[in-house]
Each structure stands twice: as C-alpha cells, then as structure tokens.
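Before any comments, here is the structure.
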Amino acid sequence: MNTNPARGMRDFLPEDVRRRQYVIGVIADVYQQYGFEPLETPAVENIETLLGKYGEEGDRLIFKILKRGEGAETGQADLALRYDLTVPLARVVAEYRATLPKFFKRYQVQPVWRADRPQKGRFREFYQCDVDAIGSRSMIVEAELLSAAGDVLSRLGFTSYTLRLNHRGVLAGMLDAAGVPASLQGEALVALDKLDKVGREGVAAELAQRGVPDAGAGMLLEFFSSVAAAQRDAKADPTAFNRDVLDRLEALLGGARPDALGELRDVVRLLGPGGTGAHLRLDPSLARGLSYYTGAIFEIAVPDLAGSLGGGGRYDNLIGMFLGSEVPACGISLGLERILVVMGERGMFPDNLGKAPADVMVTIWNLDAVPDALRLAAELRSAGLRVEVYPEADKLGKQFKYASSRAIPHVTVVGDDEAAAGLVTVKDLATGEQRRVARGDVAGVIGRPG
RNA sequence: GUGAGUGUAGCUCAGUGGUAGAGCUCCGGAUUGUGGAUCCGGCUGUCGCGGGUUCGAUCCCCGUCACUCACCCCA
C-alpha cells in the first residue's frame, strides 16, 4: 500500500505546523493592524463561478469535481476546488453587498488547489494569504496594501525584498507606442514579463516568435535597457529611480494614458522615501499572468528565488462579472509556501519555535504511583506549564531518554523517598542539575520558557 | 500538456547477470533511582509494479506507475 500523500499534496508534521502557524500569525497580526477583517469561504465553488476568470491556462488547471450520479459516466463536473481566494471574494462581495461595509477590507488565509505539475516550491494544494480592499479607486488602497505586505516581510525578518510595481494601463500604452496591435498585446506581455528571467536576447526571441514586429520589439527593449542603466546609477536612492522611470515612461507614451501614469505617481508619492517606500521599484517589464487585472499590479521578489513571494493588483471589473454593476477592488496575495521555503533555507525561524512539546515530563515511578503522578501533572498544568506524562511505568533510564529525545527540558521524579518526604526531584536535562524541592515549588523551579 | 532523470531496509544511499550491503534511526544490554557520549548485540527488504530476454534478472529490454527537476503557467 502506497502511503504517500496524493501528488502535489503534503502532510504537515508538528514541526511544520508550528512554522506555518508562526508565519500565518504574523500575517494575520499585521493585516489586523491595518484594519482588515477575517473571511473564510468554502473549499468548493460551483464550477461556473470559477471558469473564465483566469484565462485559458487557468481554466485548464482548475480541479473539477464530477457531478454526482450521471457525472461518473459522462465526466460532467458541476463543482470545482477554488483556484484562488480573489474570485471567491468577488462572489462574496456580490452576494452580501448590502450587509458589507462600504469599504470592505478582508484578509483570508486558506488553501487553494491547482491541477498543475508539482515542482520546487510549487504544489497542487497550497496556502495563499490574501488581503484585499473593496470599494475605492483611490491609490491610498494600493499604498496601504503594499505597506502591509512590506510590514509582514519585515516582521518575518526579510531585509532585501523588492516590491515591483507596474500598471496594466501603462503597459498597454507602451505597447501602443511600440506599434504592437491590440490583438498581439496579450502575447507581448507574456514575453516581456520574462525579462529578468531570460534576459534581453531571450525576450527578443520570444517577441519575434509571438509575431511582434521587430521595430516595436527593438524600441521596447531599448527602453528597458535604459531603465536598467538608470537603476544601476540610482541604486542608493529608490525614490529618485522611481521618479526617473516615471519621467521616462511619460516621454515614451508621449502624453497618452495620463490617468494610469498619474496612479503610479500617486503610489510612489504616498509611500514616500522611507519604510516600505524604500523597497518599491517601478518595473515597466512587470506584466503578471492573470487576466482580471485592470490597473496597478505588484509582485514581491527576493534574491535567489526564481518565482515570486506574492503578487496582486487592481481588478475593477471582476466583481461586476458577478454583480452586474462594477465595484472597484485591489488586493495582494502572499504565497505562504514560498515564504516558508525561503525562510527555511535561510534559517529565519526564531529559536523558540523549537521542538519541545512540553516544559516538563512527569515520570512514572511504578504503577502504585500513577495516581499521584497524574495529580502532580494537574498541579503543574494549573501553574501554567505544558506537562507531558510518560504513559507507562518503565525504567527511569528509558523515561529520561525519551524526554531527552523529545527535547523536553525538565523531568520530575517522585520515588519512594520523595513521596515519604513530600518532595519532588526536578532535573534540568540541559545542565544535568537536579534538586529536591517542596511540591508547591516545582513550577517555580521549572519556570516557563518563552 | 511537453522533456529529462531517479525508484534497493523506517531514512540517506552503495552494489552485482548467479538468492543483497553500509551509515543513521529503532530495539536490547553494559547501567534494577538518571538521558545525551562510548562500547557490545539485534530486527527489518515482494530490490516500485507488470511483462519479455536468459539455465538464472535487483541488474539487460519493453510497458506502466510514482517521485524529482525543467518548460508552460503560477504563489
């Protein structure tokens, strides 16, 4: 019998869960500081809720659930596992619009499923940590979302992350300026998005392959080269760099798309030069794959990771697909699994997440002493300690060895001598020191780490 | 969906056309009121699965499944 979890799915053993809960705790804490409220939605959605929202590739990767009864024969599906947390949010907003606040701000940490082929840092079941603000077109929303994501990364110990920023409207303007026909712009975006991955020559080849005219491709690549040069010159001053890129974009677009450029200027201005603003990098080559973005788009990058730690953007039309009337919205998704991968590789988890499942283990002297051992455990728990009771009467050596292997820092022993005197022997397994103390003093001697 | 690589003990892996090994883990003992270190002893395998070639296949061939990596796309 094969005991592996299903392909692309994982079991989380206790140490894994502690790490996940630590990161999720920081994320939820920061999001709450920004006034976001928690939301949960079902793992399963009606299939028509999901289809057509993510583009053709997205539809292919949706996990479908066969319809009960005749579906088993026909292969017909009426349900599907959720593919992300944004579309379910849009459905919720459309459904409960009357009861939700005018500016609904929610965070959501739940698993999503994709019928993808697993790879390093990529799974078929993985957690997303989404934060979205509904109901406003103001760039204050973008600034707050980026700031919150930056706070999360800083609190987790990241120092060198980059918040890449671009705008779908600016991208369209760039492609217009390069003479790329609207019908080819989607293809061109996919190629441009790979600039940091495959380099200038690689993108040139991709653009040609996708039918973008050479003249336009050359113009775009020339522009990106000049931006890259500017970045090298302005390395120490990201705000100056961002303003420089804005000016270059304005020149490239020749007065077209003033609203989109103005939005980017607003975001840069609102975040300012310090704090999260120091991590903000305008990146005209950023495109992102999902089809529902309409305005600003973001992606979170760290050195030495091929993929991104998260991404997001503005999607002012998605809720309208459910509701009929348009409701503006913007959000960011952090990829829990990738954050964990990077933090694991860099040893970024705090020591007090350690393995110890208890502060003290109560040994069992013999079968007659079991009731008293359980009473002692109860007393120590009342005093606020995490207490494990060895589950059998066994040689003391065995019991000590077990406590040691589980990294439990203290053990108690109540043998015949101690019982007669009303004392408890407490041993510190790290130092080897042990002492006999009065029963009421045991908790004080052990203390409480963390 | 496309391409490549790997499947041998609980784990990490060696190995050979002639009935399979190491290290770690685990268990027992040295040590019947004391763990980590050391020493001694011990357990474990349909060699992924199915078929073919062969006197004989864990090894060679075909198929299949699983995993890993890359592409596509994405967190």
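So that the names make sense, note that chain A is the first sequence line, chain B the second, and so on, each numbered from 1.
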Next item on the list: First locate atom CD1 of A:I134, then atom CD1 of A:I319, and finally report the distance between them rounded to the nearest 0.5 Å.
Entry: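 Between A:I134 CD1 and A:I319 CD1, I get 4.0 Å after rounding to 0.5 Å.
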Notebook entry, point to check: Say you draw a straight line from CD1 of A:I408 to CD of A:E388; how long is it, rounded to the nearest 0.5 Å?
Noted result: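 Atom-to-atom, A:I408:CD1 and A:E388:CD are 4.0 Å apart.
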Counter-base of [N], judged by Watson-Crick or G-U geometry with both distances under 3.5 Å:
N	value
B:U58	none
B:U31	none
B:U64	B:G48
B:G21	B:C13
B:C43	none
B:C73	none

Find the distance [X]:[atom1] to [N]:[atom2] and express it as a whole number of Å.
X	N	atom1	atom2	result
A:E299	B:A75	CD	C1'	9 Å
A:Q399	B:G35	CD	P	12 Å
A:K401	B:G35	NZ	C1'	8 Å
A:R164	B:A75	CZ	C1'	14 Å
A:F400	B:G35	CZ	P	8 Å
A:E433	B:G36	CD	P	18 Å
A:Y54	B:C74	OH	P	13 Å
A:I27	B:A75	CD1	P	15 Å

Sugar-phosphate only, base, or nothing, as touched by [X] at under 4.0 Å among non-hydrogen atoms:
X	result
A:R436	base
A:V411	nothing
A:G432	base
A:A301	nothing

For [N] and [M], measure between their [atom1] atoms and round to the nearest Å.
N	M	atom1	value
B:G63	B:A20	C1'	26 Å
B:C40	B:U6	P	38 Å
B:C55	B:G50	C1'	23 Å
B:U8	B:G15	P	14 Å
B:G10	B:G51	C1'	31 Å
B:C59	B:G52	P	14 Å
B:C11	B:U68	P	15 Å
B:A57	B:G18	P	11 Å

Next item on the list: Go through the N and O atoms of the side chain of A:Q434 and the base of B:G33, and report whether any donor-acceptor pair is under 3.5 Å.
Entry: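 No, the side chain and the base share no sub-3.5 Å donor-acceptor pair.
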Check: Could a donor-acceptor pair under 3.5 angstrom be found where the side chain of A:K427 meets the base of B:U34?
Finding: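 By the distance-only test, yes, there is a pair.
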Item checked: Nearest-nucleotide 5' precedence on RNA chain B, A:S333 against A:L396 ->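 Between the two, 5'-proximity favours A:L396.
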Next item on the list: Return the minimal non-hydrogen interatomic distance between A:P238 and A:A278, and the atom names on each side.
Entry: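 Looking at all heavy atoms of both residues, the shortest contact is CG-O, 3.5 Å.
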Check: Minimum heavy-atom separation for A:L280 to A:L146, with atom names?
Finding: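 The pair with the smallest heavy-atom distance is CD1-CD1, 4.1 Å.
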Which listed nucleotide ([options]) is nearest to the side chain of [X]?
X	options	value
A:L429	B:U34, B:G35, B:A75	B:G35
A:E418	B:G33, B:G35, B:G29	B:G33
A:R7	B:U32, B:G36, B:A66	B:A66
A:L61	B:C73, B:C74, B:G33	B:C73

Note to self: Just N and O in the side chain of A:K194: are any of them under 4.0 Å from OP1 or OP2 of B:C71?
What the structure shows: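 For B:C71, OP1/OP2 do not have a side-chain N/O of A:K194 under 4.0 Å.
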Notebook entry, point to check: Looking at A:K398, does any N or O in its side chain come under 4.0 Å of the phosphate oxygens OP1/OP2 on B:U34?
Noted result: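 No, no such contact exists.
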Next item on the list: Classify the side-chain pair A:Y402/A:D394 by whether it contains a donor and acceptor separated by less than 3.5 Å.
Entry: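 No, A:D394 and A:Y402 have no side-chain donor paired with an acceptor closer than 3.5 Å.
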Next item on the list: Using side-chain hydrogen bond (donor to acceptor under 3.5 Å, both in side chains) as the criterion, point out the one residue from A:T86, A:D132, A:D130 that pairs with A:S333.
Entry: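 Result: among A:T86, A:D132, A:D130, A:D130 is the only option passing the side-chain hydrogen bond (donor to acceptor under 3.5 Å, both in side chains) with A:S333.
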Next item on the list: Apply the side-chain hydrogen bond (donor to acceptor under 3.5 Å, both in side chains) test between A:Y292 and each candidate in A:D84, A:N317, A:D316; give the one that qualifies.
Entry: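 So, applying the side-chain hydrogen bond (donor to acceptor under 3.5 Å, both in side chains) to A:Y292 and each of A:D84, A:N317, A:D316, only A:D84 qualifies.
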Salt bridge check: are [X] and [Y] linked by an N-O gap of less than 4.0 Å?
X	Y	answer
A:R155	A:D29	yes
A:R164	A:E299	yes
A:R435	A:D441	no

Notebook entry, point to check: A:F126 on top of B:A75's base, within under 5.5 Å and under 30°?
Noted result: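 Yes, A:F126 stacks on the base of B:A75.
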Check: In residues 108-124 of chain A, which ones come under 4.0 Å of RNA chain B, going by heavy atoms?
Finding: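 Result for residues 108-124 of chain A: A:R114, A:D116, A:R117, A:Q119, A:K120, A:G121, A:R122, A:F123, sorted by number.
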